Number of protein chains: 4
Amino acid sequence: MKPAIKEAAGALKKTRLPRQSELPLAKTAQPIGAGSRASSDLPAKKGDRTRLQIKAAARVIFARDGFLNSTIAEIMKEAQRSIGVFYRYYKSKDELLLELTEEFRQKLLQQIHLPLRPNQDPIDNFEEKLGIFWQLYMEDWPIVNSALQMSMVDEAFAKRWHDLRQQGIGAIAHIIGKARKLGYCPTIDPHYAASALCSMLEFTCYNWTSRWGDFAGAKMSKTAAIQTLKQIASHSIAWRSPT
Amino acid sequence: MKPAIKEAAGALKKTRLPRQSELPLAKTAQPIGAGSRASSDLPAKKGDRTRLQIKAAARVIFARDGFLNSTIAEIMKEAQRSIGVFYRYYKSKDELLLELTEEFRQKLLQQIHLPLRPNQDPIDNFEEKLGIFWQLYMEDWPIVNSALQMSMVDEAFAKRWHDLRQQGIGAIAHIIGKARKLGYCPTIDPHYAASALCSMLEFTCYNWTSRWGDFAGAKMSKTAAIQTLKQIASHSIAWRSPT
Amino acid sequence: MKPAIKEAAGALKKTRLPRQSELPLAKTAQPIGAGSRASSDLPAKKGDRTRLQIKAAARVIFARDGFLNSTIAEIMKEAQRSIGVFYRYYKSKDELLLELTEEFRQKLLQQIHLPLRPNQDPIDNFEEKLGIFWQLYMEDWPIVNSALQMSMVDEAFAKRWHDLRQQGIGAIAHIIGKARKLGYCPTIDPHYAASALCSMLEFTCYNWTSRWGDFAGAKMSKTAAIQTLKQIASHSIAWRSPT
Amino acid sequence: MKPAIKEAAGALKKTRLPRQSELPLAKTAQPIGAGSRASSDLPAKKGDRTRLQIKAAARVIFARDGFLNSTIAEIMKEAQRSIGVFYRYYKSKDELLLELTEEFRQKLLQQIHLPLRPNQDPIDNFEEKLGIFWQLYMEDWPIVNSALQMSMVDEAFAKRWHDLRQQGIGAIAHIIGKARKLGYCPTIDPHYAASALCSMLEFTCYNWTSRWGDFAGAKMSKTAAIQTLKQIASHSIAWRSPT
DNA sequence: CATGAATGAGCGTTCATTCAT
DNA sequence: CATGAATGAACGCTCATTCAT
């Protein structure tokens with residue numbers, strides 16, 4: 001992972017992050033919801049159990065130290081296994097995060113898929129989705145914050161993160177488009193706005209969960225938090241030109 | 001700087017970022033707008049010129065590789081000087097960033113100080129400030145993005161960053177408070193909302209400037225960008241309860 | 001370890017020698033006399049063997065180059081291992097020396113504990129102890145000379161060394177006190193004298209073992225050496241006021 | 001001076017300490033007593049004055065930090081001159097110490113030359129010399145302690161130091177020889193004993209002057225100190241075989 | 001002749017990854 | 001299949017010495 005830190009810039013040369021194509025995206029489609037409960041309910045196969053233990057340990061260590069500050073050694077100590085075992089399950093530290101991120105992505109995509117119900121205002125639908133996003137972020141913040149870190153530092157990872165963001169942005173842009181058809185926010189560029197709202201969501205969640213975040217210490221009220229997000233996000237769209 | 005990355009977590013040991021008081025804050029009062037053009041207009045003294053060259057080089061390298069991925073060697077190669085000379089001017093890579101960040105902060109605080117003019121709507125005032133923020137971010141994004149990186153990874157830096165954020169959040173919360181007195185956004189918590197808006201600003205700017213950001217490649221229109229930010233931010237506040 | 005050299009002066013900043021309590025004091029109780037032969041008799045576990053190899057290599061390199069002139073790279077080359085493995089066993093070059101010194105100290109304290117036998121003249125007892133000291137110094141001179149170097153250069157180390165010296169000085173002062181009660185050396189200050197004798201022992205041993213010492217080349221006779229030390233040290237105490 | 005530290009061992013290769021022959025031993029024969037009063041009484045020529053200022057500053061810095069821990073920069077800051085000026089007067093840091101040491105040596109040799117007066121007991125003569133040695137050591141301890149440090153670390157310096165010691169040892173051995181002819185200390189080897197006494201003197205003086213020495217803090221009484229040295233040294237010789 | 005900025009080799013230390021057992 | 005010792009490239013930082021001004 002020295003590489004991960006050092007390798008990123010296009011201008012740099014030395015070590016080798018796995019090429020995009022080498023990465024095991026497919027592998028990730030494990031049963032939804034299996035991610036967060038790790039070591040208690042033993043899955044059928046021993047290997048799977050170890051894999052879960054590693055992931056659970058990573059979560060703990062990422063939460064404590066952040067991704068870039070954590071070491072494989074530390075994670076495996078938490079997982080009560082030897083370092084060597086790590087590489088039986090993951091090709092690299094990056095790949096571990098990739099898998100965790102992919103799980104989060106799957107969960108998110110599945111749960112956030114809420115088609116507009118008949119007669120539902122798109123804004124209401126948007127708020128529902130916001131609630132889900134917040135919920136999932138709270139569950140998996142050590143992973144998402146880690147992904148955020150890596151996306152700022154590693155090119156390969158940044159590209160994947162960018163793709164995930166694009167899905168979110170696309171979805172929100174779509175909603176904004178719908179809203180505009182209903183007369184809302186006529187002067188706004190749906191894509192730019194979606195990008196900004198996405199940033200707000202992500203980074204607010206980051207700042208409200210990270211160790212040194214805005215309200216670290218004084219833990220914030222969950223409902224107030226989500227109310228704030230919903231109000232800001234929806235009012236930023238749900239306005240009409242004055243007449 | 002390996003330390004900087006490794007030392008962050010509470011569980012870990014040292015840190016050697018200089019105390020606030022040690023920092024050359026005074027030195028920062030250079031003529032506004034002089035910051036980013038460095039190496040062309042040579043200052044009187046040889047030493048000062050080198051300092052500027054280092055800062056200019058750092059800017060280039062940070063923009064290209066990101067802060068965590070850049071090395072002192074790389075910066076000094078860009079500055080066309082030997083590695084050793086770096087340490088005549090800065091105690092460490094962190095301190096370099098600290099100085100750059102401090103300069104940005106000073107610039108920001110000076111320019112963003114726009115007291116509410118008589119009869120001016122607070123929302124209008126807010127929008128003016130947004131414009132300035134965007135402007136300065138665009139000028140100094142390699143530095144601000146660097147600071148963002150470091151704040152995610154290094155405790156000492158995070159604390160300083162947190163303080164700067166708090167100023168912004170405080171100011172925005174104040175504006176929101178004013179707006180509420182005028183009947184705007186009655187149900188919103190000013191502090192939470194300010195935190196979220198601050199996150200939006202910062203992270204949107206980040207995502208619109210970073211190498212792998214949302215519109216990398218397809219460079220976005222400057223005016224559209226700022227229009228978007230203004231609309232979102234102000235509409236998220238400037239609403240009234242339906243009657 | 002540049003630090004070790006640079007950090008010493010009161011005016012200078014940090015030091016990172018581990019606190020006394022962190023040191024593996026317990027670990028030291030290895031069978032007496034096993035210390036200096038390391039790499040031949042391989043211990044059960046792989047790790048322990050490496051540790052011994054490192055210590056043996058350090059001894060060789062310290063003897064050849066002196067502590068301050070030796071580098072971890074050189075030591076590990078002698079140990080036929082990679083540099084990195086050093087840090088699995090020791091946090092720093094200082095800590096390695098600390099462990100070696102501590103081992104020496106333990107050996108010394110154990111063997112030098114010779115309570116005065118009934119009817120034994122304290123001077124005789126003193127001479128016995130001198131013999132033991134000489135013996136151990138000869139076995140471990142690369143280490144003790146290293147410690148001497150470090151104690152001249154590094155504050156933290158100097159303090160530990162000072163403590164060890166104090167034990168010796170205290171013991172000798174005690175003997176001198178006893179001797180005075182028997183009518184010996186009435187006008188002498190026991191503490192000052194003990195300090196001086198301790199210096200004589202230490203530094204004579206140093207000068208008789210170091211590369212560039214008094215008789216380098218012309219190796220001195222072991223028995224003559226020890227006879228000289230005994231005669232000088234005991235006669236300096238065992239005199240009575242002329243009457 | 002990286003060299004000085006690194007270069008010493010015969011086995012080592014890289015940098016180059018000045019060959020013995022290159023060193024300016026002759027240059028040192030300046031008027032005795034000029035050494036310690038530096039910056040107050042200005043010598044005729046400006047260059048000489050600067051030279052004295054540098055030496056005075058070195059003394060201060062060596063006393064504070066020890067030789068190996070001091071830097072040219074620090075010395076020249078104390079001397080209130082630029083770094084560059086140092087090299088106008090000395091070829092290297094080592095050469096500075098060499099000159100200082102040489103001055104000490106000259107002073108010592110001149111003052112300690114006390115031929116045995118008619119009817120004077122050699123032991124008395126020896127005690128007189130001890131007093132002078134102590135006196136000079138106290139005046140110049142920052143230099144002598146520095147020389148001691150360097151002699152432990154640098155081959156070239158060690159050789160010179162060794163030569164100086166040899167003179168002392170030779171002289172003392174001579175005295176012991178005389179004493180033996182008078183019936184004193186018949187069983188002792190004059191050379192070994194002289195070496196040991198020399199070590200005692202040197203290292204006791206070191207330990208009674210160095211920052212972290214035996215009585216640091218509780219400053220010792222000057223007369224008691226010298227009485228102790230005299231008693232120990234002379235009694236270690238001035239004994240006769242029991243009849 | 002002074003200045004102090006610049007040079008650059010050198011060393012300590014870290015940690016992802018490999019591999020012998 | 002597990003273990004954890006070993007590897008080694010990489011990077012931050014120091015400071016004696018040089019040299020342009």
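The chains referred to below are lettered A, B, ... by the order of the sequence lines, with proteins before strands, and numbering in each begins at 1. Since the structure is predicted, the reported quantities are computational estimates derived from the model, not experimental observations. Worth knowing before you read on, the calculation uses all heavy atoms, side chains too, and leaves out hydrogens, waters and symmetry mates.
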Round to a whole Å and report the spacing from [atom1] of [X] to [atom2] of [N].
X     : N      : atom1 : atom2 : answer
A/K91 : E/dC19 : NZ    : P     : 16 Å
B/D48 : E/dA6  : CG    : P     : 11 Å
A/K77 : F/dG4  : NZ    : P     : 13 Å
A/D94 : E/dC15 : CG    : C1'   : 13 Å
D/R49 : E/dC1  : CZ    : P     : 14 Å
D/F86 : F/dC19 : CZ    : P     : 17 Å
C/M76 : E/dC11 : CE    : C1'   : 15 Å
B/I75 : F/dG12 : CD1   : C1'   : 12 Å

The side chain of [X] lies closest to which of these nucleotides: [options]?
X     : options               : result
D/K93 : E/dA6, F/dG4, F/dT17  : F/dT17
D/V85 : F/dG4, E/dA2, E/dA6   : E/dA2
C/T71 : E/dC11, E/dC15, F/dT7 : E/dC11
D/Y89 : E/dA2, E/dA5, F/dA5   : E/dA2
A/I72 : E/dT17, F/dA5, E/dT13 : E/dT17
B/S82 : F/dG4, F/dT18, E/dT7  : E/dT7

Is there side-chain contact between [X] and [Y], with heavy atoms separated by less than 4.5 Å?
X     : Y     : answer
D/R49 : D/L52 : no
B/L96 : B/Y89 : no
D/I61 : D/F67 : no
C/E78 : C/Q53 : no

N/O (side chain, [X]) to phosphate O (OP1/OP2, [N]) under 4.0 Å:
X     : N      : value
C/T50 : F/dA6  : yes
C/Y87 : E/dT14 : no
A/R88 : F/dA2  : yes

Stems involving DNA chain F: give each as a range paired with a range, ordered by first number, where a stem means at least three consecutive Watson-Crick or G-U wobble pairs under 3.5 Å.
->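 Stem segments, range with range: E:2-21 with F:2-21.
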Residues two or more places apart in sequence or in another chain: which of them pass side chain to side chain contact (heavy atoms under 4.5 Å, CB included) with D/A158?
->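 Listed in chain order: C/W212.
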Side chain to side chain contact (heavy atoms under 4.5 Å, CB included) partners of A/T101, counting only residues at least two apart =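 Applying side chain to side chain contact (heavy atoms under 4.5 Å, CB included) to A/T101 gives A/L97, A/I143, A/A147, A/F157, A/W161.
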Map B/G84 and C/G84 onto DNA chain F by nearest heavy atom, then report which one ends up closer to the 5' terminus.
->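 Closest to the 5' end, via its nearest nucleotide, is C/G84.
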Residue met sooner reading DNA chain F from 5', once A/Q80 and C/I83 are mapped to nucleotides =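 First, find each residue's nearest nucleotide; the 5'-ward one identifies A/Q80.
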Reported CE-to-CG distance for the pair B/M150 and B/D94, which is rounded to 0.5 angstrom |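 Reported value, rounded in 0.5 Å steps: 4.0 Å.
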B/Y90 six-ring centre to B/R51 NZ/CZ under 6.0 Å and within 45° of normal =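 Cation-pi check for B/R51 and B/Y90: passes.
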